[in-house]
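Here is how names work: the chains are called A, B, and so on, in the same order as the sequence lines, proteins then strands, and each is numbered from 1. Note: hydrogens, waters and symmetry copies are ignored here, and every other heavy atom, side chains too, is used.
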Number of protein chains: 2
Amino acid sequence: MAHRLKEQYKELLDKKGLTYTFERKRIFEEIQKISVHFHVDGLYDRFKKQGERISRATVYRTIPLLLESGVIQKSAGNGKRDFFEKTNAKGHHDHMICVKCEKIIEFHNEKIEALQDEISKHHKFKVTFHDHRLFGYCQKCQ
Amino acid sequence: MAHRLKEQYKELLDKKGLTYTFERKRIFEEIQKISVHFHVDGLYDRFKKQGERISRATVYRTIPLLLESGVIQKSAGNGKRDFFEKTNAKGHHDHMICVKCEKIIEFHNEKIEALQDEISKHHKFKVTFHDHRLFGYCQKCQ
DNA sequence: GGTCTGGTTGAGATCTTGTCTCAAGATTTA
DNA sequence: TAAATCTTGAGACAAGATCTCAACCAGACC
Ligand SMILES: [Zn+2]
Ligand SMILES: [Zn+2]
Ligand SMILES: [Zn+2]
Ligand SMILES: [Zn+2]
């Protein structure tokens with residue numbers, strides 16, 4: 001999986017006339033080590049902590065490339081920060097979030113995705129990503 | 001409708017030992033003139049444009065009071081700003097948000113709502129509210 | 001090799017959204 | 001009236017994110 005994603009990433013860079021630099025390589029690799037969600041400064045801190053001098057600006061600059069190539073995707077962020085998660089084998093999914101214990105249940109429903117397409121097409125709106133979250137109580141917390 | 005909301009607002013202020021000041025009155029009134037969605041600086045700008053000297057801090061400070069009294073509710077954020085909308089006759093709806101011009105298109109789809117119910121039921125998850133936003137480019141911004 | 005060209009980077013400035021501080025003015029209470 | 005309490009405006013501040021710019025690097029060209 002990671003291999004295919006790396007190819008997509010390299011292809012995007014190539015398509016844009018950009019180089020697969022040391023920094024862009026390291027950022028890709030480091031993300032593969034993160035289990036689930038992350039925010040950009042958290043990612044930057046990992047480099048800083050390891051003594052690698054990759055600048056904050058570069059990390060921030062690389063995020064759009066990772067997003068566009070599908071290596072990562074926007075994740076359900078609760079607060080001020082943008083959160084991301086690496087694209088996993090399951091591909092796109094949405095979230096149910098327990099407001100009590102913060103448990104996250106992922107779901108994916110093709111019908112909903114198709115309806116979204118239909119609706120946006122009808123409004124001539126070109127969707128680049130979406131955020132669909134159901135808040136409430138998980139089985140244990142009811 | 002607006003009258004009942006104003007009463008709720010006044011009651012909340014009273015309950016909290018706060019005064020129904022000129023500024024708090026003007027902010028309530030101005031919101032009634034806004035068709036649907038707004039963000040706080042947008043509201044502030046309306047006063048500035050009209051030459052009314054109500055400070056940004058006061059507008060920001062009043063928002064929690066309006067929220068708590070039910071005069072307004074959180075609405076779609078565009079990913080950066082918090083958006084609000086006044087509580088009114090309009091029922092539940094979701095949003096498409098243009099990431100370029102910030103235009104908001106509302107949509108409502110019973111099938112999606114029903115599928116959400118189905119999915120959450122299947123996971124024994126009790127949904128209290130949801131947030132469904134499609135981000136992208138409106139017709140003009142493509 | 002040396003030079004030109006243009007992508008890339010780091011450091012810090014800047015912008016954006018929202019909160020907080022504090023002194024002055026207004027209001028209520030004693 | 002004086003003291004206590006609210007309220008406000010202006011601007012400082014904070015956090016997240018983006019932008020600027022000079023130095024740097026890599027390939028193209030001579
Ligand atoms: Zn989805
Ligand atoms: Zn729970
Ligand atoms: Zn909905
Ligand atoms: Zn709306």
Side-chain angles (χ1 to χ4, degrees), chain A residues 9-28 30 37-69 72 74-84 129, chain B residues 9-10 12-30 37-69 72 74-84 97 99-102 104 135:
Chain A
Y9 180 45
K10 285 183 181 175
E11 273 165 36
L12 180 83
L13 292 174
D14 203 52
K15 201 185 77 185
K16 285 186 179 294
L18 303 176
T19 318
Y20 186 57
T21 63
F22 172 79
E23 286 82 1
R24 303 213 254 239
K25 173 168 146 288
R26 285 294 299 116
I27 290 168
F28 175 90
E30 200 60 30
H37 310 278
F38 66 93
H39 51 75
V40 188
D41 281 308
L43 180 53
Y44 168 60
D45 286 344
R46 290 173 70 103
F47 291 117
K48 207 165 57 173
K49 203 167 292 176
Q50 295 169 28
E52 294 189 58
R53 65 254 155 277
I54 292 179
S55 77
R56 194 160 164 273
T58 295
V59 179
Y60 267 95
R61 274 193 289 243
T62 304
I63 293 293
L65 299 171
L66 293 161
L67 275 175
E68 193 176 343
S69 62
I72 61 173
K74 288 215 178 196
S75 165
N78 302 15
K80 316 245 74 213
R81 280 191 139 107
D82 283 344
F83 275 75
F84 303 90
F129 66 97
Chain B
Y9 180 44
K10 284 184 181 175
L12 180 83
L13 292 174
D14 202 53
K15 202 185 79 187
K16 285 187 181 292
L18 303 176
T19 317
Y20 186 57
T21 62
F22 172 79
E23 287 81 3
R24 302 215 254 240
K25 172 168 146 288
R26 285 295 298 119
I27 290 168
F28 175 89
E29 290 171 353
E30 199 61 30
H37 311 96
F38 66 93
H39 53 73
V40 188
D41 281 306
L43 180 53
Y44 167 60
D45 286 344
R46 291 174 68 103
F47 291 117
K48 207 166 54 173
K49 202 166 294 176
Q50 295 169 27
E52 293 189 60
R53 64 254 156 275
I54 292 180
S55 77
R56 193 162 164 268
T58 295
V59 179
Y60 267 96
R61 274 192 291 242
T62 305
I63 292 294
L65 300 170
L66 293 161
L67 274 175
E68 194 177 342
S69 62
I72 60 174
K74 286 212 181 202
S75 169
N78 63 4
K80 294 178 193 168
R81 277 189 144 109
D82 283 345
F83 274 72
F84 303 90
I97 302 160
V99 298
K100 192 166 173 214
C101 73
E102 301 200 334
I104 295 177
F135 294 91

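- At a threshold of 4.5 Å between non-hydrogen side-chain atoms, the residues B/Tyr44 and B/Ile54 do not count as touching.
- Among all heavy-atom pairs drawn from B/Thr19 and B/Arg24, the shortest one is O-NE, 3.0 Å.
- Considering every non-hydrogen atom in both B/Ser75 and B/Phe84, the closest pair reads CB-C, 3.7 Å.
- Rounded to a whole Å, the CZ atom of B/Phe84 is 7 Å from the P atom of C/dG18.
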* Please test A/Thr58 against A/Ile27 for side-chain contact (heavy atoms from CB on, under 4.5 Å), starting from the C-alpha separation and ending with a verdict. => CA-CA 9 Å; A/Thr58 295; A/Ile27 290 168; 4.1 Å; yes
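- If you check distances only, the side chain of A/Arg61 does reach the base of C/dG10 with a donor-acceptor pair under 3.5 Å.
- Across C/dG18, D/dT7, C/dT8, the shortest atom-to-atom separation from the side chain of B/Tyr60 is found for C/dG18.
- B/Arg26 and B/Glu23 are not joined by a salt bridge, as no carboxylate oxygen comes within less than 4.0 angstrom of a charged side-chain nitrogen.
- Nearest-nucleotide positions on DNA chain D place B/Gly17 closer to the 5' end than the other of A/Val40 and B/Gly17.
- B/Phe83 has its CZ atom 13 Å from the C1' atom of C/dT16, to the nearest Å.
- A/Leu65 has its CG atom 9 Å from the P atom of C/dT8, to the nearest Å.
- Per the geometry, OH belonging to B/Tyr20 stands 18 Å off C1' belonging to C/dA26, to the nearest Å.
- Comparing atom distances between the B/Ile54 side chain and each of D/dT8, D/dG9, D/dA17 picks out D/dG9 as nearest.
- Contacts of A/Arg24 with the nucleic acid, taken as non-hydrogen atoms under 4.0 Å apart, involve only primed sugar atoms and P, OP1 or OP2.
- In this model, the phosphate group of C/dT8 is approached by a side-chain N or O of A/Thr19 to a distance below 4.0 Å at OP1 or OP2.
- Nearest nucleotide to the B/Glu23 side chain, out of C/dG10, D/dG9, D/dG16: D/dG9.
- Here B/Arg56 lies in heavy-atom contact (under 4.0 Å) with a base.
- Rounded to whole Å, atom P of C/dA26 lies 12 Å from atom CZ of B/Arg53.
- The interatomic distance linking A/Tyr44 (OH) with D/dA15 (C1') rounds to 15 Å, in whole Å.
- Spacing between atom CD of A/Glu52 and atom P of C/dT9 amounts to 14 Å, rounded to whole angstrom units.
- Side chain of B/Ser55, nearest nucleotide from C/dT8, D/dG9, C/dT19: D/dG9.
- Rounded to an integer number of Å, the gap from CG of B/Leu13 to P of C/dT28 is 14 Å.
- Which of D/dA17, C/dG7, C/dG18 sits closest to the side chain of A/Arg81 comes down to D/dA17.
- Minimum atom distance to the side chain of B/Ala57 is reached by C/dC20, of the listed D/dC19, C/dC20, D/dT8.
- Relative to the side chain of A/Thr58, the nucleotides C/dT17, C/dT8, C/dT9 differ in distance, and C/dT9 lies closest.
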